[in-house]
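Some notes on the structure that comes next.
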Amino acid sequence: MRALMPFLPCIAFALSACVHTSPAAQAAPPPNSARQPATPPLLRLTPEQAVINAAAVAPDGVKGIFELTVRGTGRDGGYLYLNSQKDYRDQRSLNIEISPSVQRELADRFGIDPRVYLAGKRIAVRGEAKRVLINFTYNGAPTGKYYYQTHIALSAPEDLTVAGEQVPLM
């Protein structure tokens, strides 16, 4: 026994490393203060920032709250487009795409056609800006030439607010 005395601290240390931890204790979640939020907060972006960031992450998009003045509007195939530039083809333009069903809900909310109501207004839109390929066509056939636009598809009327309204941050 006397011969083991110098080694007792080493033996005790080695045995302490063999302590069993229950699976339940190993899988316990961290305390609330250590948890990370499930989703990061949305950024507020200008049209120019949206265009630059959407191009940088294409084909993915950039999520955020996009603030713009509606300088141009148009319709195509039943969709309404709200544009941050007078010319929707301008590469700096951020174009909000609104389906017929969302247009009807906005018309009920505003009491007038959203194209008329929103023209010239400052708006904020929650969504995802994506770079979209636009093909040039001649007699209905693609010419092989194209350019890009940056679109946000408005998925719900509550994702659009008019100057002074608050956008709820989910």
Side-chain angles (χ1 to χ4, degrees), residues 30 32-170:
N32 285 341
S33 61
R35 290 186 186 154
Q36 297 297 318
T39 57
L42 295 175
L43 297 174
R44 287 190 174 268
L45 300 169
T46 66
E48 293 80 9
Q49 290 169 325
V51 170
I52 291 167
N53 284 296
V57 300
D60 295 328
V62 59
K63 292 181 181 179
I65 298 172
F66 304 91
E67 298 176 331
L68 62 126
T69 299
V70 178
R71 293 193 171 94
T73 65
R75 289 197 195 278
D76 185 38
Y79 283 80
L80 170 63
Y81 291 89
L82 308 175
N83 311 313
S84 67
Q85 299 291 323
K86 288 181 182 179
D87 182 354
Y88 68 92
R89 293 169 293 220
D90 187 319
Q91 65 183 359
R92 299 168 296 165
S93 188
L94 179 60
N95 306 312
I96 313 303
E97 179 183 84
I98 306 174
S99 70
S101 63
V102 174
Q103 287 177 61
R104 284 189 293 278
E105 292 181 68
L106 289 172
D108 290 343
R109 176 173 147 193
F110 301 138
I112 189 171
D113 180 353
R115 181 178 185 176
V116 173
Y117 182 79
L118 294 169
K121 296 247 182 357
R122 183 99 179 130
I123 64 171
V125 176
R126 178 182 36 224
E128 184 175 16
K130 288 190 167 194
R131 188 172 75 159
V132 177
L133 179 79
I134 306 296
N135 285 300
F136 287 105
T137 59
Y138 181 74
N139 290 332
T143 64
K145 296 183 181 189
Y146 60 89
Y147 71 103
Y148 292 101
Q149 291 180 351
T150 305
H151 288 194
I152 298 171
L154 184 66
S155 58
E158 57 271 13
D159 289 337
L160 182 146
T161 59
V162 181
E165 294 178 325
Q166 291 293 321
V167 177
L169 301 176
M170 291 186 178

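Computed from a predicted model, the values in this text were never measured in an experiment.
Checking E97 against Y81 by side-chain atom types alone, a donor-acceptor pair falls below 3.5 Å. For the residue pair T150/R131, the side-chain donor-acceptor check at 3.5 Å is not satisfied. For the residue pair R75 and Q103, a side-chain donor N or O sits within less than 3.5 Å of a side-chain acceptor on the partner.
Remark: K121 qualifies as a cation-pi partner of Y117 under the 6.0 Å distance and 45° angle criteria applied to the six-membered ring.
The shortest distance between side-chain heavy atoms of D159 and V102 does not fall below 4.5 Å. The shortest distance between side-chain heavy atoms of I65 and V125 does not fall below 4.5 Å. Within the 4.5 Å cutoff, no side-chain heavy atoms of N83 are placed close to those of L94. Residues T137 and T143 fail the side-chain proximity criterion, which asks for heavy atoms closer than 4.5 Å. For the pair Y147/R89, a side-chain contact is recorded, criterion being any heavy-atom separation below 4.5 Å from C-beta on. Residues S99 and Y79 are in side-chain contact: their nearest non-hydrogen atoms beyond the backbone lie under 4.5 Å apart. Looking at heavy atoms from C-beta onward, V51 lies out of side-chain contact with R92 at the 4.5 angstrom threshold.
Each of T46, I96, N95 was evaluated against L68; a single residue qualifies, I96, per the side chain to side chain contact (heavy atoms under 4.5 Å, CB included) test.
Surrounding OH of Y138 are at most 12 heavy atoms belonging to other residues, nucleotides or ligands under 6.0 Å away. Crowding of E48 atom CD: a count of heavy atoms from other residues, nucleotides or ligands under 6.0 Å exceeding 12.
Across all their heavy atoms, P114 and A107 have their closest contact at CD-CB, 4.0 Å. T69 and G120 get closest at one heavy-atom pair: CG2-O, 3.8 Å.
By the 4.0 Å N-to-carboxylate-O rule, R115 lies too far from D113 to be salt-bridged with it.
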